[in-house]
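First comes the structure, then the notes that go with it.
Indexing begins at 1, ligand by ligand and atom by atom, following the structure's order.
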Amino acid sequence: MTKLSVNINKIATLRNSRGGSNPDVVKAAVDAQLFGADGVTVHPRPDERHIRYQDVRNIKKIITTEFNIEGNCREQKFIDLVLEVKPHQVTLVPDAEGQLTSDHGWDTITHADYLRETIQIFRKAGIRVSIFVDPMVEMVNGAAETGTDRIELYTEGYAREFLTDKERAVAPYRAAAIRANELGLGINAGHDLDLKNLAYFAQNVPGLLEVSIGHALISDALYLGYENTIQLYKRQLA
Ligand code: PXP
């Protein structure tokens, strides 16, 4: 069954808007696992405008489910944090500085050498590595050459096209996943997945191991409650 990792960056954004510690991001992480999530994801950015580096340390101390840290590995600060905290998984994202949200995957061919070296740093520390990629077979082929354990398929395009033609929307993801399975790469996915588009994605992408979901899940929780929302997302993956 596909695992659900809850990205709690939005809770930190809400907290930061007022200073102080409400809502409590460590509690949000603990509650996510209590309410049935299989993991927690955080995405520390260099300016710490969402999750702060100290939050990441605090969360690692207390959660027992899978911890996934995603971010821009061009920042030495990010590499140092991940090596210090030692999460179960690190997801490498090619963000530019100040980027609003991640909006593209790695070009695994152009950046093959860089990725190979960086991935080794984390793998040597016993941390599983996933790299964010667009749903293109050539990028999956390139990923396999980097030594990564997994790829995370960038699903913004799927979410957009799902509204008009879901079969067309999922087709490149399915093709990318079939290739990743042939190459022995694990498959994660994330970005703009929600209660409407998640089940169809999970049913049509073979070997999908994990999805990480933040924005829609936390938004739904405002209306449906945090515990109920996590359960509803889990049910989409059953
Ligand atoms: N995966 C990556 C690499 C991301 O950067 C994000 C957003 O922080 C997500 C998944 C989750 O996307 P969303 O917040 O749209 O669910």
Side-chain angles (χ1 to χ4, degrees), residues 2-14 16 25 28-29 32 37-52 55-56 59 66-75 78 82 87 89-108 115 122 128-135 139 143 148-163 173 176 186-199 201-202 205 208-222 226 229-230 232-234 236-237:
T2 307
K3 289 186 170 176
L4 171 67
S5 186
V6 174
N7 179 321
I8 58 168
N9 261 43
K10 281 279 138 60
I11 309 246
T13 307
L14 186 56
N16 297 352
V25 295
D38 305 294
V40 170
T41 291
V42 291
H43 190 142
R45 295 182 186 268
D47 59 6
E48 303 192 74
R49 67 184 188 274
H50 309 139
I51 277 282
R52 298 184 188 128
D55 295 328
V56 178
I59 292 166
E66 186 184 280
F67 194 31
N68 173 45
I69 306 181
E70 58 186 32
N72 178 2
C73 51
R74 298 258 186 213
E75 294 282 334
F78 176 82
V82 173
Q89 176 175 271
V90 62
T91 301
L92 308 183
V93 184
D95 282 345
E97 207 177 312
Q99 204 163 310
L100 186 61
T101 183
S102 312
D103 64 2
H104 60 284
W106 284 102
D107 179 335
T108 56
L115 284 168
F122 297 116
R128 189 173 76 225
V129 180
S130 179
I131 60 174
F132 200 47
V133 295
D134 293 308
M139 291 304 136
T148 192
D149 300 287
R150 294 190 186 185
I151 53 169
E152 178 179 330
L153 294 171
Y154 171 43
T155 48
E156 196 264 340
Y158 163 74
R160 197 173 356 97
E161 206 163 357
F162 176 86
L163 301 170
Y173 293 86
I187 304 163
N188 297 341
H191 225 286
D192 295 303
L193 293 173
D194 64 21
L195 278 177
K196 294 191 196 75
N197 62 33
L198 179 59
F201 188 81
V205 174
L208 182 64
L209 296 173
E210 181 181 299
V211 288
S212 68
I213 308 184
H215 185 81
L217 189 152
I218 302 299
S219 302
D220 288 337
L222 291 174
Y226 195 34
T229 301
I230 288 174
L232 288 169
Y233 275 80
K234 282 280 293 177
Q236 308 304 308
L237 299 169

Within less than 4.0 angstrom of ligand 1, does [X] place any heavy atom?
X      : answer
Asn9   : no
Ser212 : yes
Asn7   : yes

Please work out whether any backbone atom (N, CA, C, O) or any side-chain heavy atom from C-beta onward of His191 is under 4.0 Å from ligand 1, and answer side chain, backbone, both or neither.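 Both the backbone and the side chain of His191 come within reach of ligand 1.
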
What do we get for His43 next to ligand 1 when only non-hydrogen atoms under 4.0 Å count, side chain, backbone, both or neither? side chain

Using 4.0 Å as the upper bound for N to carboxylate O, is an ion pair formed by Asp194 and Lys196?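 Salt bridge between Lys196 and Asp194, a charged N being under 4.0 Å from a carboxylate O: no.
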
I'd like to check the side-chain hydrogen bond (donor to acceptor under 3.5 Å, both in side chains) partners of Glu156; sequence neighbours left out, ordered by chain and number.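 Glu156: side-chain hydrogen bond (donor to acceptor under 3.5 Å, both in side chains) contacts with Arg160.
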
List in chain and number order the residues that pass side-chain hydrogen bond (donor to acceptor under 3.5 Å, both in side chains) with His43, two or more places apart in sequence or in another chain; answer none if no residue qualifies. Glu70, Asp95

Polar-atom distance check: [X] versus ligand 1, any N or O pair below 3.5 Å?
X      : value
Gly214 : yes
Glu152 : yes
Thr91  : no

No-hydrogen, no-angle side-chain donor-acceptor test under 3.5 Å, Asn9 and Arg45: no

Does the side chain of Thr41 pick up a donor-acceptor pair with the side chain of Asn68 at under 3.5 Å?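 The criterion, which ignores hydrogens and geometry beyond distance, is satisfied for Asn68 and Thr41.
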
